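Bear in mind that the values here come from a model prediction, so they are computed numbers and not experimental data. In what follows, every chain begins at residue 1, and chains take the letters A, B, ... in the order their sequences are listed.
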There are 4 protein chains.
Amino acid sequence: MKKVKVGIAGAAGYTGCELIRLLALHPQAEIIWLMTGKTNEGRRLHEVFPHLRGLPERVFQPLDAGAAGDADLAFMATPHGVAVSIVPEFLEAGCRVIDVSADYRLKDPKVYEEWYEKRHTAPDLLEEAVYGLTELYRSRLPGARIVANPGCYPTASILALAPILREGVARPDSIVIDAKSGVSGAGRSLNLRTHFSETTEDLQAYSPARHRHIPEIEQEFSLLSGRKTPVTFVPHLIPMIRGMLVTAYCKPVREVDTSELTELYRGFYDQEPFVTVLAEDELPRTKDVWGTNRCEIAVRYDPRSATILVVSVIDNLVKGASGQAVQNMNVVFEMPETSGLESLALYP
Amino acid sequence: MKKVKVGIAGAAGYTGCELIRLLALHPQAEIIWLMTGKTNEGRRLHEVFPHLRGLPERVFQPLDAGAAGDADLAFMATPHGVAVSIVPEFLEAGCRVIDVSADYRLKDPKVYEEWYEKRHTAPDLLEEAVYGLTELYRSRLPGARIVANPGCYPTASILALAPILREGVARPDSIVIDAKSGVSGAGRSLNLRTHFSETTEDLQAYSPARHRHIPEIEQEFSLLSGRKTPVTFVPHLIPMIRGMLVTAYCKPVREVDTSELTELYRGFYDQEPFVTVLAEDELPRTKDVWGTNRCEIAVRYDPRSATILVVSVIDNLVKGASGQAVQNMNVVFEMPETSGLESLALYP
Amino acid sequence: MKKVKVGIAGAAGYTGCELIRLLALHPQAEIIWLMTGKTNEGRRLHEVFPHLRGLPERVFQPLDAGAAGDADLAFMATPHGVAVSIVPEFLEAGCRVIDVSADYRLKDPKVYEEWYEKRHTAPDLLEEAVYGLTELYRSRLPGARIVANPGCYPTASILALAPILREGVARPDSIVIDAKSGVSGAGRSLNLRTHFSETTEDLQAYSPARHRHIPEIEQEFSLLSGRKTPVTFVPHLIPMIRGMLVTAYCKPVREVDTSELTELYRGFYDQEPFVTVLAEDELPRTKDVWGTNRCEIAVRYDPRSATILVVSVIDNLVKGASGQAVQNMNVVFEMPETSGLESLALYP
Amino acid sequence: MKKVKVGIAGAAGYTGCELIRLLALHPQAEIIWLMTGKTNEGRRLHEVFPHLRGLPERVFQPLDAGAAGDADLAFMATPHGVAVSIVPEFLEAGCRVIDVSADYRLKDPKVYEEWYEKRHTAPDLLEEAVYGLTELYRSRLPGARIVANPGCYPTASILALAPILREGVARPDSIVIDAKSGVSGAGRSLNLRTHFSETTEDLQAYSPARHRHIPEIEQEFSLLSGRKTPVTFVPHLIPMIRGMLVTAYCKPVREVDTSELTELYRGFYDQEPFVTVLAEDELPRTKDVWGTNRCEIAVRYDPRSATILVVSVIDNLVKGASGQAVQNMNVVFEMPETSGLESLALYP
């Protein structure tokens with residue numbers, strides 16, 4: 001079978017090297033170039049990422065759509081803001097694009113401008129871009145020219161609430177999302193907040209009600225519920241490398257119980273290779289999906305406070321970023337959806 | 001000045017040795033005995049707790065109120081259920097009691113029975129016991145015979161919401177508490193859940209809406225708000241030793257803003273030596289209170305979702321257990337409230 | 001191609017589940033049974049190991065060679081002492097055996113008795129067993145009936161010093177091995193030493209000069225050097241899950257330098273798929289081999305103290321246990337040696 | 001009693017804030033100024049170190065000996081190289097100086113030049129400076145104008161071997177020191193090596209045989225043994241915040257055993273308030289000295305390899321830096337040596 005030729009732009013960050021890890025062993029993909037920003041261009045792969053010494057040596061090229069060659073697909077693992085201008089050039093160069101950054105996720109350019117504080121220069125592409133939460137948009141992906149890969153928090157949050165929002169069980173004005181992420185989500189750039197001695201044995205909330213993933217979550221919640229759905233969202237930084245857990249709270253529109261909710265979720269995710277709905281007496285933990293593209297979800301009804309509780313876990317770098325990008329690639333190119341994503345959780 | 005003679009029952013657990021740490025250097029207290037359950041009785045202090053080699057050697061005695069001697073005060077750091085029957089004996093022996101376990105916190109013996117699945121055999125003492133959240137019950141503590149020291153989650157949760165519950169700003173039916181705790185809260189007993197390789201690089205929710213601290217929180221919330229106040233409460237286990245962070249969400253009964261809320265909190269906690277209300281642009285983190293008896297709180301209003309957010313942090317073993325017990329001792333015996341609790345956070 | 005039918009005895013521990021992880025996706029192997037000791041027999045795979053929910057459900061059988069069925073190969077991931085008596089039964093039942101425990105590693109039954117404090121009841125099999133440090137014993141593996149898979153410390157230590165011991169560059173009476181291991185090496189059994197709050201933010205040496213891996217290291221060092229080679233060996237417990245680093249020190253018999261030593265090592269490991277000798281200015285770190293079967297080694301000469309320094313790293317559960325067992329299976333059954341072991345390090 | 005007026009230069013790093021923590025509560029000291037380099041000058045204490053919110057607010061001044069005012073003592077917690085030129089100015093201004101940096105530790109300016117790659121501009125002060133390993137140089141400290149506070153590795157290494165070097169039991173040409181340090185020793189400056197996701201679940205050796213603490217260790221070892229004593233020294237970075245463990249190996253000049261060695265160590269450290277020699281069946285761990293100025297040591301003889309093993313632990317920021325600086329202050333000003341250093345280990 002002919003392999004898909006892929007390139008990775010922004011390959012020197014954590015999302016980038018996770019793409020390399022997954023694509024290097026993908027049976028139907030072939031990495032043909034790695035591009036990066038100024039800091040790392042010209043450096044060798046083994047120098048930047050010694051953990052990839054098992055792969056052939058390679059050099060990081062400068063970021064340049066003109067050098068895309070005969071790539072079928074370009075992954076954008078660039079910092080937010082870069083893909084806005086460079087994606088049109090890659091499309092021009094004949095590549096499909098899966099953008100792992102935030103630049104093509106918000107359909108409304110005004111919302112983008114409000115949260116990212118810059119004008120979006122390719123508003124027409126916003127419309128074309130398929131929002132790559134594969135479980136919800138699978139049918140639009142085959143052959144798509146541009147896929148906007150979801151953020152990590154939106155992935156875990158939307159998968160947690162999609163069934164009850166679409167079924168109209170959750171009251172759209174009652175949603176609280178308390179999200180917790182491992183530190184790798186903050187990337188490889190140095191920052192006092194992610195300095196080892198500062199982060200270890202520490203726990204903090206950050207950007208409460210102001211995180212840039214909020215409009216993305218609200219956009220999708222609103223589409224699912226069919227009405228404007230604001231969300232209270234507070235993310236927290238957890239002293240661990242990988243893993244994301246979302247605890248979602250909402251009020252039901254009618255009487256429900258745990259058993260009914262579990263059935264509803266199981267029905268909704270029945271055919272999904274990467275989503276598991278747990279039994280009524282089980283709860284997910286991030287370690288169980290470490291290094292995998294899987295999402296595990298448990299749902300409960302708390303009769304005392306009349307509240308629905310949903311807990312979902314993903315690996316923020318895999319299902320929350322690079323793994324889902326590969327999943328999207330598989331669907332765009334009509335390959336088996338789980339191809340290259342079969343590995344099991346690394347435990348303990 | 002005459003020192004208060006204290007004994008510690010259940011001294012071989014984490015709460016017990018934290019009491020030893022604080023009391024051994026307390027200028028107005030003197031430890032006269034350490035008692036433990038079967039496993040550790042007869043063992044030497046330095047054998048069980050080598051980190052206390054700096055203190056004189058001592059032997060753990062069997063748990064026996066008859067051996068209380070001339071102790072003025074007995075701390076109960078025993079597993080839940082033990083103090084129910086033994087506290088009356090210590091009172092009889094002439095000791096005051098500060099119970100760090102859960103046995104005397106719930107005023108209603110039926111609620112105790114419901115959540116702890118056993119009958120309370122000293123219901124009259126439930127009434128007498130002062131709930132030792134020092135900031136709320138300070139005036140009742142001097143001379144108290146029995147103090148029920150609050151749980152860690154209740155301490156962080158009640159301090160987080162007391163100002164707006166008492167002032168009637170929070171809607172009592174809208175409260176969600178998403179709580180996160182370091183692993184030391186689970187104690188020194190062995191369990192697969194707290195096995196190093198299971199807990200490190202892992203994050204999980206547990207006992208959602210069923211944790212035994214819920215009735216304690218609801219009891220105090222109801223007293224503060226003046227009406228029955230149910231709470232949605234989900235605790236999470238965080239891969240760190242110490243530290244607790246509570247993120248509380250509720251709806252306001254009227255229009256508010258962050259500035260007004262911050263003022264309200266500052267007024268409420270104005271004279272408190274151990275509670276700090278942060279500025280509008282600050283957020284607390286657990287590391288800043290590591291090893292101290294302090295609580296830090298930030299409050300925000302999220303206009304988009306019309307929700308009040310409160311974040312509070314404590315050290316679960318200090319303000320959440322042994323430190324607050326010492327604070328209560330100080331007030332019961334009319335010593336300076338901060339005595340023995342002045343140490344600064346161990347950072348980084 | 002016909003798949004090798006394998007069974008795993010002792011499948012409910014960390015070594016066992018790591019074998020499941022590797023073998024479940026091995027293209028030429030098929031797991032046909034999982035056996036365990038009393039504690040877990042009859043339990044479901046997903047119950048004991050929720051991280052394996054991605055695999056079909058299965059039940060742990062009791063440990064019983066009579067139920068080996070048509071397995072071609074049985075892995076022993078049992079506690080030390082169990083395989084001594086059960087391996088002969090599995091051989092009888094027609095299985096080849098790869099013993100991941102320590103029971104067949106020491107050639108001299110008297111040494112076994114001295115260090116394990118019990119008599120070895122199958123001394124003839126000790127002779128037959130091939131010591132499965134694949135890099136050193138590859139030629140004896142094809143078709144072997146019984147392979148004694150090396151311990152984690154011996155694997156890292158022997159790979160670190162084999163080149164200079166065999167070449168006669170190291171003085172055999174001068175060897176110091178300071179070894180450091182992640183906590184997963186201590187297994188899944190509960191112990192205060194591996195309780196999260198005890199191990200996190202802690203570092204300790206244990207069993208100095210008395211660890212049971214010492215005779216195994218000395219046996220192989222002596223074979224490599226051609227003379228009795230005692231070793232000073234101190235292991236340390238590091239607050240991380242996986243990873244092992246050995247720092248070895250020895251005196252040279254003649255003048256050497258870093259460049260010559262590096263060449264010597266590169267020559268020795270030239271064709272090895274899983275061993276990488278780093279450049280003179282590089283040092284290995286455990287994270288670079290996390291989850292892989294790889295070993296990375298750096299060698300230096302310190303002229304000031306006239307000492308050779310060697311640093312080697314492995315993942316204690318993979319190259320130090322289950323991965324090497326799969327590598328041995330591949331060679332025993334004459335399959336490609338890297339089959340099923342291609343995955344890259346999970347980083348960061 | 002009149003308090004010693006102290007200032008801290010370089011107060012915005014980890015060593016600096018640890019000095020603040022210890023001195024703020026010291027009964028006989030009073031901090032009168034905090035100075036820092038450009039980055040932090042003019043910033044508020046609570047802004048840079050929110051964990052010190054319990055102390056009165058204060059502003060970091062620029063580094064300037066002219067502003068030393070009536071300080072009796074200036075601590076230098078500056079980056080290596082700064083104190084070389086600024087210490088003479090502080091002495092001129094009438095302050096005594098305790099230099100926590102490396103600038104005045106090496107007696108021979110040529111050795112300083114060789115390892116620090118710059119000329120020492122105050123060679124006469126090198127001679128005057130007392131090397132502040134309190135246990136060895138106590139008698140020279142009272143009234144000293146300048147104290148060179150030892151490095152963390154030298155503190156743990158010298159305390160580990162001083163008894164057998166001074167007694168002539170250890171062969172000076174046989175010493176191997178394998179040292180392990182928590183990450184806080186690398187300071188607060190950002191670096192990829194100390195980025196959370198890089199350091200967590202990782203273990204590495206660094207600067208093998210080239211660390212700048214080597215000449216300091218050799219200087220003191222040579223003084224203790226009475227002859228030139230080279231040392232093989234390899235430090236390792238351990239994924240924990242605080243704590244240092246040194247494993248030292250050496251050959252005895254004559255037959256010894258563990259019992260005799262333990263007695264020798266106990267005799268040597270008999271009167272020391274901060275050094276504990278453990279029993280023959282005990283081993284130290286870093287957690288037992290967390291946050292304290294204590295050092296714990298165990299010594300063993302390994303008859304099989306004829307090697308003496310010594311394990312010592314300290315908290316790198318306390319006995320390895322700021323705590324020892326306070327201990328030295330106490331002795332210089334003839335206050336009780338343990339003043340301000342009584343706190344017990346924070347455990348777990």
Side-chain angles (χ1 to χ4, degrees), chain C residues 173-182 193 195-210 214 218 230-234 236-245 247 249 251 283-288 290 298 300-309 311 313 346-348, chain D residues 173-182 193 195-210 214 218 230-234 236-245 247 249 251 283-288 290 298 300-309 311 313 346-348:
Chain C
D173 63 344
S174 71
I175 299 170
V176 168
I177 291 182
D178 190 285
K180 296 99 179 165
S181 175
R193 171 175 282 166
H195 194 52
F196 180 86
S197 300
E198 301 287 326
T199 305
T200 304
E201 284 294 312
D202 187 37
L203 175 60
Q204 54 187 298
Y206 66 100
S207 305
R210 291 199 308 208
I214 291 176
E218 290 187 344
V231 63
T232 303
F233 179 84
V234 181
H236 300 77
L237 192 65
I238 304 298
M240 61 186 195
I241 304 169
R242 284 173 185 246
M244 171 167 286
L245 183 145
T247 314
Y249 304 83
K251 300 288 181 185
L283 285 166
R285 56 179 196 157
T286 59
K287 192 182 276 290
D288 286 341
W290 228 85
R300 292 276 197 293
Y301 182 64
D302 175 25
R304 219 189 46 268
S305 66
T307 302
I308 297 172
L309 312 173
V311 182
V313 298
L346 209 50
Y347 162 96
Chain D
D173 63 343
S174 71
I175 300 171
V176 168
I177 291 181
D178 190 285
K180 298 98 179 164
S181 176
R193 170 176 283 167
H195 194 54
F196 180 87
S197 300
E198 301 286 326
T199 305
T200 303
E201 284 294 311
D202 186 37
L203 175 59
Q204 54 186 297
Y206 66 100
S207 305
R210 290 200 308 210
I214 292 177
E218 290 187 343
V231 62
T232 304
F233 180 83
V234 180
H236 300 78
L237 193 64
I238 305 297
M240 60 186 194
I241 304 170
R242 283 173 185 245
M244 169 167 288
L245 184 146
T247 314
Y249 304 82
K251 299 288 182 187
L283 285 167
R285 56 178 195 158
T286 60
K287 192 182 277 290
D288 286 341
W290 228 85
R300 291 275 198 292
Y301 182 65
D302 176 25
R304 221 189 45 267
S305 67
T307 302
I308 297 171
L309 312 173
V311 182
V313 298
L346 210 51
Y347 162 92

Gap between atom OH of Y347(D) and atom CG of D202(C) - 0.5 Å precision: 9.5 Å

Residue among I238(D), L309(D), V311(D), I241(D) with most heavy-atom pairs under 4.5 Å to chain C: I241(D)

With chain C as the partner, which of S197(D), P303(D), A306(D), P284(D) has the greatest number of non-hydrogen pairs under 4.5 Å? S197(D)

Measuring heavy-atom distances to chain D, does H195(C) have an atom under 4.5 Å in its side chain, in its backbone, in both, or in neither? neither

Nearest heavy-atom approach of A209(D) to R304(C) is O-NH1, 3.7 Å

d(D173(D) CG, T307(C) OG1) to nearest 0.5 Å is 9.5 Å

Sidechain N-carboxylate O distance under 4.0 Å for D178(C), K180(D): yes

Could you measure the distance from the CZ atom of R300(C) to the CZ atom of R210(D)? Nearest 0.5 Å is fine. 6.5 Å

With only heavy atoms counted, which part of F196(C) is less than 4.5 Å from chain D, the side chain, the backbone, both or neither? neither

S305(D): which of V176(C), V231(C), T232(C), I214(C) passes side chain to side chain contact (heavy atoms under 4.5 Å, CB included): T232(C)

Atom group of L283(C) that falls short of 4.5 Å from chain D, counting heavy atoms: side chain

What part of S174(D) is in contact with chain C, defined as an atom under 4.5 angstrom from a non-hydrogen atom: side chain, backbone, both or neither? neither

Options I175(C), L203(C), T200(C), T199(C), ranked by heavy-atom pairs under 4.5 Å with chain D, top entry: L203(C)

Looking at chain C, which one of Q204(D), E218(D), E198(D), K251(D) has the largest number of heavy-atom pairs inside 4.5 Å, strictly under? E198(D)

Side chain / backbone / both / neither for S181(D) at chain C, heavy atoms under 4.5 Å: neither

Tell me, with the steps shown, if Y249(C) and V234(D) meet side chain to side chain contact (heavy atoms under 4.5 Å, CB included). CA-CA 10 Å; Y249(C) 304 83; V234(D) 180; 3.4 Å; yes

Would you call T247(C) and H236(D) a side-chain contact if the rule is heavy atoms closer than 4.5 Å? yes

Would you give the length of the straight line joining atom OG1 of T286(D) to atom CD of E201(C), rounded to the nearest 0.5 angstrom? 7.5 Å

